[in-house]
Protein chains: 2
Amino acid sequence: MNQKAEKPMVTVDIVVFTVKNGDLNILLVKRKFNPFKGKWALPGGFIREKEEIKKAAARELEEETGVSGVYLEQLYTFGEVKRDPRGRVITVAYFALVPDDKFRLRASYDAEDVQFFSTKSLPLLAFDHKEILQYAIERLRNKIQYTNVAWSLLPSAFTLREIQDVYQAIWGRHLDKRNFRKKLLSLGLLRSLKRHKRGSRQRPAQLHSFKSTRPIELKRFF
Amino acid sequence: MNQKAEKPMVTVDIVVFTVKNGDLNILLVKRKFNPFKGKWALPGGFIREKEEIKKAAARELEEETGVSGVYLEQLYTFGEVKRDPRGRVITVAYFALVPDDKFRLRASYDAEDVQFFSTKSLPLLAFDHKEILQYAIERLRNKIQYTNVAWSLLPSAFTLREIQDVYQAIWGRHLDKRNFRKKLLSLGLLRSLKRHKRGSRQRPAQLHSFKSTRPIELKRFF
DNA sequence: TCAAAAGTGTTGTGTGTACACCCATGT
DNA sequence: ACATGGGTGTACACACAACACTTTTGA
């Protein structure tokens, strides 16, 4: 190995997904400083000297949303030489899956605002964050085909309608209710609770929960 | 973003796969310097100041094997704080797929030897390279299920037996010849050549080539 | 003539997909 | 009573998996 290399800076950026009323949303922060002051960007920041990379992502996520213990997976490392006008900055991108009911947004030191946006109507993004986001959506779409990660987007008790909405939001297309339920229930990984979801002005829906929350590889899923 | 962070060093490491007589092999280099002097390690090195990360991986690969233009994909970024005794070193791992007939190994400045090893009988590896390698194998196994990347491991003309061997080497299990051929041919992506592979003391096998080499996403593949 | 790999079809089983009606509730 | 989403079953098409024998060559 040749030690002559100049050291780049290394950051983490996090694509935080949630599903809000049937729509896939991601978290953005409004930058308080240059470059891209006033523009929306993915939450993120520098990795500390003796901090594991994933820990850094979890810390940044916790700072912006107050949530911890959610699904967090490394996505890809973006390092184009000129992606940051300040110099060589390599960013390790992560994506997080957060249930709609869990977070409490907070502005932070370098963000003047924090907000969820529907992936259907996004503002212009700073840096190469649009590319990162597209990559994250693609990964999520692929991943729900052979894992149960999408479940991380749900609260602990949910209706079958709600879980179908999560899949539809990610896929961006409608699924047949009967086929969806048949397939999902045949996996044998749900427990149906005694309780029903009341309060809407329709027939109350049976609530369900997962027997286990840990990640599972499925043969194939839709 | 908080600028107080100490800059880590950033390297690339490459897992170079090939299939040699029915066995999945990877390229290792014997380290000439400390740390881990004399131990086998993945080829790799530092990213240069104004060099794209993938370019760095391609350059290191070319230096050790003389090949270029092969399949090269970013795998994962490993950054455990203490993975390198010299200090904080974050490595962006790549994997490459190289046809058996293409390379010409060369020792380089910091490697005293370069050699392919069967994944069935590997030496002890330096750093966390065992972990990187396991991750790469897992990724390759998953990837052949829904893409045609494995084709990058074949020469331009090959027999159906040879392509089956590639899949079997990666999967680590035997596949039924008739089912394999039926599935593969039904994709309509092969062209059967006029030539036959003679010279072995069995019946000559029809040679084939790919109509197109570019990467394709398949619905599912074995 | 023998050894070794090439080549070739059929059948059963399981999984995905398409599709329509009645039910329970709140207003 | 009515609007709204909840809940349920069947039939067809397709893909995967299991399985054995004949052919062609070189030695």
Side-chain angles (χ1 to χ4, degrees), chain A residues 19 21-23 141-142 144-146 148 154 157-169 171-209 216-222, chain B residues 19 21-23 141 144-148 154 157-169 171-209 216-222:
Chain A
V19 174
N21 40 280
D23 231 23
R141 270 194 193 139
N142 287 328
I144 60 167
Q145 290 181 77
Y146 58 91
N148 64 346
L154 290 161
F158 50 86
T159 65
L160 294 177
R161 166 64 176 273
E162 286 166 342
I163 190 168
Q164 185 176 346
D165 279 346
V166 165
Y167 278 89
Q168 292 182 162
W171 267 115
R173 67 180 165 87
H174 180 262
L175 299 169
D176 181 83
K177 185 167 46 161
R178 285 163 294 183
N179 292 338
F180 181 86
R181 292 177 178 210
K182 198 190 321 167
K183 178 69 186 292
L184 190 69
L185 295 174
S186 76
L187 297 173
L189 300 169
L190 294 192
R191 183 198 320 286
S192 50
L193 306 176
K194 296 271 149 46
R195 293 184 297 133
H196 286 251
K197 177 162 192 164
R198 314 188 79 90
S200 58
R201 72 168 169 296
Q202 302 85 19
R203 175 174 175 178
Q206 176 87 232
L207 284 168
H208 296 257
S209 70
I216 297 172
E217 295 261 326
L218 306 170
K219 274 176 77 103
R220 187 169 163 223
F221 205 60
F222 301 105
Chain B
V19 173
N21 40 279
D23 230 25
R141 271 194 192 139
I144 59 167
Q145 291 181 75
Y146 58 92
T147 70
N148 65 344
L154 290 161
F158 50 85
T159 65
L160 294 177
R161 167 63 178 274
E162 287 166 343
I163 190 169
Q164 185 177 345
D165 278 347
V166 165
Y167 278 89
Q168 291 181 162
W171 267 115
R173 66 179 165 87
H174 180 262
L175 298 169
D176 180 82
K177 185 168 45 160
R178 285 163 294 186
N179 291 338
F180 182 86
R181 291 177 179 212
K182 198 187 322 161
K183 178 70 184 292
L184 190 68
L185 296 173
S186 75
L187 296 173
L189 302 168
L190 294 192
R191 182 197 322 286
S192 51
L193 307 176
K194 295 269 148 48
R195 293 183 297 133
H196 285 250
K197 176 160 195 164
R198 313 188 80 89
S200 58
R201 72 170 168 293
Q202 304 84 19
R203 174 173 176 177
Q206 175 87 231
L207 283 167
H208 296 257
S209 71
I216 298 173
E217 294 260 328
L218 306 170
K219 273 177 75 108
R220 190 170 161 220
F221 205 62
F222 302 106

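Just the heavy atoms: all of them, side chains too, but no hydrogens, waters or symmetry mates, feed the values below. In what follows, chains carry the letters A, B, and so on, assigned in the order in which the sequence lines appear, proteins first and then strands, with residues in each chain numbered from 1.
Counting heavy atoms from C-beta on, the side chains of B/Thr147 and B/Ile216 never come closer than 4.5 Å. Between B/Phe158 and B/Leu190, some side-chain heavy-atom pair lies under the 4.5 Å cut-off.
Distances were taken from every side-chain heavy atom of A/Lys182 (C-beta onward) to each of C/dC19, C/dA18, C/dT10; the shortest belongs to C/dA18. Closest to the side chain of B/Arg203, from the set D/dA18, D/dA20, C/dA6, is C/dA6. Side chain of B/Arg201, nearest nucleotide from D/dG9, D/dA20, D/dG26: D/dG26. Of the listed nucleotides (D/dG7, C/dA20, D/dA20), D/dG7 has the atom at the smallest distance from the side chain of A/Gln206. Taking every side-chain heavy atom of A/Lys177 into account, D/dG6 is the closest of C/dG26, C/dA6, D/dG6. Of all nucleotides listed (C/dA5, D/dG7, C/dG9), D/dG7 comes nearest to the side chain of A/Arg181. In this structure, of C/dA24, D/dG5, D/dG6, it is C/dA24 that holds the atom nearest to the side chain of A/Pro204. Distances were taken from every side-chain heavy atom of A/Lys183 (C-beta onward) to each of C/dG16, D/dC16, C/dA5; the shortest belongs to C/dG16.
Atom-to-atom distance recorded for B/Leu207:CG and B/Lys194:NZ is 12.5 Å, nearest 0.5 angstrom. In this structure, the separation between OG on A/Ser192 and CD on A/Gln206 is 5.0 Å, given to the nearest 0.5 Å. Summarising the geometry, atom CZ belonging to B/Arg173 is positioned 9.5 Å from atom CD belonging to B/Gln168; distances are rounded to the nearest 0.5 Å.
In this structure, A/Arg178 places its CZ atom 11 Å from P of D/dG9, rounding to the nearest Å. Look at CG on A/Leu187: it is 12 Å from C1' on C/dT15, rounded to the nearest Å. Across the protein-nucleic acid pair, A/Arg161 atom CZ and D/dT4 atom P stand 13 Å apart, rounded to whole Å. Spacing between atom CH2 of A/Trp171 and atom P of C/dT17 amounts to 10 Å, rounded to whole angstrom units. Rounded to an integer number of Å, the gap from CG of A/Asn179 to C1' of C/dT17 is 6 Å. The separation between A/Gln202 atom CD and D/dG7 atom P is 11 Å, rounded to whole Å. In this structure, CG of B/Leu175 is placed 17 Å from C1' of C/dA6, rounded to the nearest angstrom. At whole-Å resolution of the value, CD in B/Gln145 and P in D/dA15 are 18 Å apart.
In this structure, A/Thr159 reaches neither bases nor backbone, as no heavy-atom distance under 4.0 Å exists between it and the strands shown.
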